[in-house]
S.K.: 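Okay, handing you the structure first.
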Amino acid sequence: METKKCPNCQNEIPADTNLCPYCGTNMNSNINTPDNKSVDNGNIKRGLLVALLAIIGIVVMFAFRAWLGVPIYLVAFFIAAMQLRKEYEAEGGTLGEFIKDCIKNKDIGTKLMTVTVLILPIVLIIGAYRWIVTDTYRDAGLY
């Protein structure tokens, strides 16, 4: 099968592909067009939004109330999960390979979204503990 390099991310892709499965670059146009830059900027902006929401959720969970911080974090998680799912379905392959590729080769926005999705179990465990123990003791006046 004939391949070519994506001018944006430099990954090898099939020659008959119109969009790069790794970064979404339109292969039929020049890399410097506004459309391609908006795709990259959109993913970076989305990643920064996800990271900001995740950090706010974690800070609220520890500084104020877990029952308020966990839902804020979950909003960030669902935004990231939906975007990563689109990229995963477009790219194909196994989930493990996709996650490794996101961490190593993708833009900063995708990396931030991947980390947000991967740390969900830790945030939920700590959030549940803080909600049950710390918030309950605080409400009962024992803490």
S.K.: Just grab all the salt bridge (Lys or Arg N to Asp or Glu O under 4.0 Å) pairs involving residues 113-124, residues at least two apart or on different chains.
M.R.: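 Of all non-adjacent pairs touching residues 113-124, none passes salt bridge (Lys or Arg N to Asp or Glu O under 4.0 Å).
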S.K.: Taking side chain to side chain contact (heavy atoms under 4.5 Å, CB included) as the definition, give me every residue that meets it alongside F64, ordered by chain and number, with sequence neighbours left out.
M.R.: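 Side chain to side chain contact (heavy atoms under 4.5 Å, CB included) list for F64, sorted by chain: V60.
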S.K.: Sequence neighbours left out, what pairs pass side-chain hydrogen bond (donor to acceptor under 3.5 Å, both in side chains) with at least one residue falling in residues 49-64?
M.R.: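 Of all non-adjacent pairs touching residues 49-64, none passes side-chain hydrogen bond (donor to acceptor under 3.5 Å, both in side chains).
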S.K.: Enumerate the residue pairs fulfilling salt bridge (Lys or Arg N to Asp or Glu O under 4.0 Å) with a member in residues 55-73, sequence neighbours excluded, ordered by first and then second residue.
M.R.: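 Salt bridge (Lys or Arg N to Asp or Glu O under 4.0 Å) check on residues 55-73 returns R65-D139.
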S.K.: Quick one: side chain to side chain contact (heavy atoms under 4.5 Å, CB included) partners of I55, sequence neighbours excluded?
M.R.: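 In terms of side chain to side chain contact (heavy atoms under 4.5 Å, CB included), with neighbours along the sequence ignored, I55 is linked to V59.
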S.K.: CG/L48 to CG/L53 distance, rounded to the nearest 0.5 angstrom?
M.R.: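 If I round to the nearest 0.5 Å, the distance is 11.0 Å.
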S.K.: Return each pair, listed once, that meets ring pair (Phe, Tyr, Trp, His ring centres under 6.0 Å) where at least one residue sits in residues 93-121; pairs must be two or more places apart or across chains.
M.R.: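 Counting only pairs at least two positions apart or across chains, the ring pair (Phe, Tyr, Trp, His ring centres under 6.0 Å) contacts touching residues 93-121 are Y88-F98.
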S.K.: Verify the cluster assignment for V117 and L95: are they in a single hydrophobic cluster under the rule of side-chain heavy atoms below 4.5 Å apart?
M.R.: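 In one cluster: yes.
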S.K.: List for me each residue that meets ring-ring contact (aromatic ring centres under 6.0 Å, His included) alongside Y22, sequence neighbours excluded, and say none if there are none.
M.R.: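 With neighbours one apart ignored, the set is empty.
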S.K.: Residues in side chain to side chain donor-acceptor pair (under 3.5 Å) with E91, at least two apart?
M.R.: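 E91 satisfies side chain to side chain donor-acceptor pair (under 3.5 Å) with K106 only.
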S.K.: When rounded to the nearest 0.5 angstrom, what distance separates NZ in K104 from CD1 in I99?
M.R.: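 The CD1 atom of I99 is 13.0 Å from NZ of K104, to the nearest 0.5 Å.
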S.K.: Could you tell me the separation between the CD1 atom of I119 and the CG atom of L124, rounded to the nearest 0.5 Å?
M.R.: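 Rounded to the nearest 0.5 Å, the CD1-CG separation comes out at 10.0 Å.
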S.K.: Which one of V115, T110, T114, I108 satisfies the side-chain contact (heavy atoms from CB on, under 4.5 Å) criterion with L112?
M.R.: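 The passing option is I108.
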S.K.: If you round to the nearest 0.5 Å, how far is CD1 of I122 from CD1 of I126?
M.R.: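 It comes to 7.0 Å.
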S.K.: Would you list the pairs meeting salt bridge (Lys or Arg N to Asp or Glu O under 4.0 Å) in which at least one residue belongs to residues 72-82, sequence neighbours left out?
M.R.: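 Passing the test, one end in residues 72-82: no pairs.
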S.K.: Could you pull out the closest heavy-atom pair between P21 and A90, with the gap in Å?
M.R.: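 Heavy-atom minimum between the residues: CB-O, 4.1 Å.
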S.K.: Using a 3.5 Å cut-off and no angle test, enumerate the donor-acceptor pairs between side-chain atoms of residues 67-84 and protein atoms at least two apart in sequence or in another chain.
M.R.:
from, atom 1, to, atom 2, distance (Å)
Y73, OH, T116, O, 2.5
Q83, OE1, R46, NH1, 3.1
Q83, NE2, E87, OE2, 3.4

S.K.: Can you tell me if OH on Y129 sees more than 12 non-hydrogen neighbours from other groups inside 6.0 Å?
M.R.: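 No, not enclosed.
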S.K.: Out of curiosity, does L118 fall in the hydrophobic cluster containing M61 (side-chain heavy atoms, cut-off under 4.5 Å, transitive links)?
M.R.: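 Yes, M61 and L118 fall within the same hydrophobic cluster.
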S.K.: Which residues pass the side chain to side chain contact (heavy atoms under 4.5 Å, CB included) test with E89, not counting sequence neighbours?
M.R.: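 For E89, the residues satisfying side chain to side chain contact (heavy atoms under 4.5 Å, CB included) (neighbours in sequence not counted) are R85.
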S.K.: How far apart are the C-alpha atoms of K5 and E12, what are their side-chain angles, what is the distance that settles it, and do they pass the side-chain contact (heavy atoms from CB on, under 4.5 Å) test?
M.R.: CA-CA 5 Å; K5 279 195 174 200; E12 289 288 328; 3.1 Å; yes
S.K.: Please round to the nearest 0.5 Å and tell me the distance separating atom CD1 of I44 and atom CE of M113.
M.R.: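 Going from the CD1 atom of I44 to the CE atom of M113 covers 9.5 Å.
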